[in-house]
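Right, one structure below, let's go through it.
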2 protein chains.
Amino acid sequence: MRKLSSVNFKNEKFLEYDCPFMTTLHFIGKRWKPAVLWKINEGVNRFNELKKVLPYISDKMLANTINELTEDLIIEKKIYDETPLRIEYYMTDFGKSLISVLEQMNAWGENTLQEIKN
Amino acid sequence: MRKLSSVNFKNEKFLEYDCPFMTTLHFIGKRWKPAVLWKINEGVNRFNELKKVLPYISDKMLANTINELTEDLIIEKKIYDETPLRIEYYMTDFGKSLISVLEQMNAWGENTLQEIKN
DNA sequence: TTAGTAACTAACAAAAAAGTAAGTAATGAG
DNA sequence: CTCATTACTTACTTTTTTGTTAGTTACTAA
């Protein structure tokens, strides 16, 4: 749980106010968040499918990440009344607007990895 | 200090390999890094000047951040043989290539903040 | 009735990141 | 000789994030 009185928290808020890119990082700057988002965008929509494509993620981290993305309105949960239970996650329009940012970050990352190789 | 044997570290490396945007986040995904980078890019080049424009950063965090940006070859240090001592930091060409990514993140952040207001 | 599957949650521990307080080195001014 | 300035470093603590293990609910198939 976040401690709202901490200097750490206040500094984060100051930076989000002073530097809008910190707001962007607020949505994607965690270990598994951008990866989960990316996979959902690619059409991997279910809990267990996400676990397959991200083999080292733990149940807890996947659930946490999904919960935060849902609270932030980046993805939405759809519950299908079937058995066995089927729940799927989809990008919201707001979430989709983040993808082009991730794409540019991806391009820069790929480029950098290439240059390091050479 | 980073523990190279930790699951945390291994997961980070897996993600940098699997999702190139994680490589980008590796360079800017910390509390003060993108802000310091941004300010240096805007022409704030000295330790004490950076402290002025980022009033809540501690000496230690600023020094750490500058050191990491230097090790990552994003900025470079220029020492002027003057008294009092003058040291300035400048973006490298590699560092400059990151700015367009930060600019897009900034635009998305500004937009999002605007939408939240309305 | 036992086992299995999907999608989780809770309690706890370890690791990493950030913050605090004090100190350092080189120089020059008074 | 003491103080001020610039640009840091060190030792330590707190906060935050990540990971581990075990359990839960609702259903179905054998």
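For clarity, every value in this text was computed on a predicted model and none was experimentally measured. Note on naming: letters A, B, ... go to the chains in the order of the sequence lines (proteins, then strands), and numbering restarts at 1 for each one.
Side-chain contact between B/Thr65 and B/Lys30 is absent, with no heavy-atom pair separated by less than 4.5 Å. B/Leu85 places a side-chain heavy atom less than 4.5 Å from the side chain of B/Ile87. A/Trp38 is not listed as a side-chain neighbour of A/Val36, based on a closest heavy-atom distance of 4.5 Å or more. Here the side chains of B/Glu110 and B/Leu113 are not in contact, with every heavy-atom distance at 4.5 Å or above. Using a 4.5 Å heavy-atom threshold, the side chains of B/Lys60 and B/Asn64 count as touching. Side chains of A/Lys3 and A/Phe9 form no contact here, defined as non-hydrogen atoms less than 4.5 Å apart.
Between B/Met61 and B/Trp32, the shortest heavy-atom distance links the atoms CE-CD1, 3.8 Å. Taking every heavy atom of both residues into account, A/Ile66 and A/Ile75 meet most closely at O-CD1, 3.8 Å. Contact detail for B/Leu4 and B/Lys10: the closest heavy-atom pair is O-CE, 4.4 Å. Minimum interatomic distance between B/Leu69 and B/Leu37 (heavy atoms only, all atoms of both residues): CD1-N, 4.3 Å.
In terms of position along DNA chain D, the nucleotide closest to B/Arg86 lies nearer the 5' end than the nucleotide closest to the other residue of the pair B/Arg86 and A/Gly29. Along DNA chain C, the nucleotide nearest to B/Pro84 and the one nearest to B/Met1 differ in position, and the one closer to the 5' end is contacted by B/Met1. Of the two residues near DNA chain D, A/Asn64 and B/Glu88, the one whose nearest nucleotide lies more 5' is B/Glu88.
Judged by distance alone, with hydrogens and angles left aside, the side-chain atoms of B/Arg86 form no donor-acceptor pair with the main-chain N or O of B/Lys78 at under 3.5 Å.
Sorted by residue number, the members of residues 34-60 of chain A with any non-hydrogen atom under 4.0 Å from DNA chain C read A/Arg46, A/Phe47, A/Asn48, A/Asp59, A/Lys60. Taken residue by residue, residues 2-9 of chain B places heavy atoms nearer than 4.0 Å to DNA chain C at B/Arg2, B/Lys3, B/Ser6, B/Asn8. Listed by residue number, A/Asn67, A/Lys77 are the residues of residues 67-78 of chain A with a heavy-atom contact under 4.0 Å to DNA chain C.
Here the OG-CG distance, from A/Ser100 to A/Asn106, works out to 12.5 Å after rounding to the nearest 0.5 Å.
Along DNA chain D, read 5' to 3', the first and last nucleotides having any atom under 4.0 Å from a heavy atom of chain B are D/dT6 to D/dT20. Nucleotides of DNA chain C with any atom under 4.0 Å from a heavy atom of chain A span, from 5' to 3', C/dA6 to C/dT20.
By the 4.0 Å N-to-carboxylate-O rule, A/Asp59 lies close enough to A/Lys51 to be salt-bridged with it. A salt bridge is absent between A/Glu88 and A/Lys77: the closest approach of a Lys/Arg side-chain nitrogen to an acidic carboxylate oxygen does not fall below 4.0 angstrom.
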Identify every side-chain donor-acceptor pair in residues 14-28 of chain B under 3.5 Å, counting partners at least two apart or on other chains, and give the distances.
| from | atom 1 | to | atom 2 | distance (Å) |
| --- | --- | --- | --- | --- |
| B/Glu16 | OE1 | B/Lys13 | NZ | 3.4 |
| B/Glu16 | OE2 | B/His26 | ND1 | 3.3 |
| B/Asp18 | OD2 | A/Lys39 | NZ | 3.2 |
| B/Thr24 | OG1 | A/Met105 | O | 2.7 |
| B/Thr24 | OG1 | A/Gly109 | N | 3.4 |
| B/His26 | ND1 | B/Glu12 | OE2 | 3.4 |

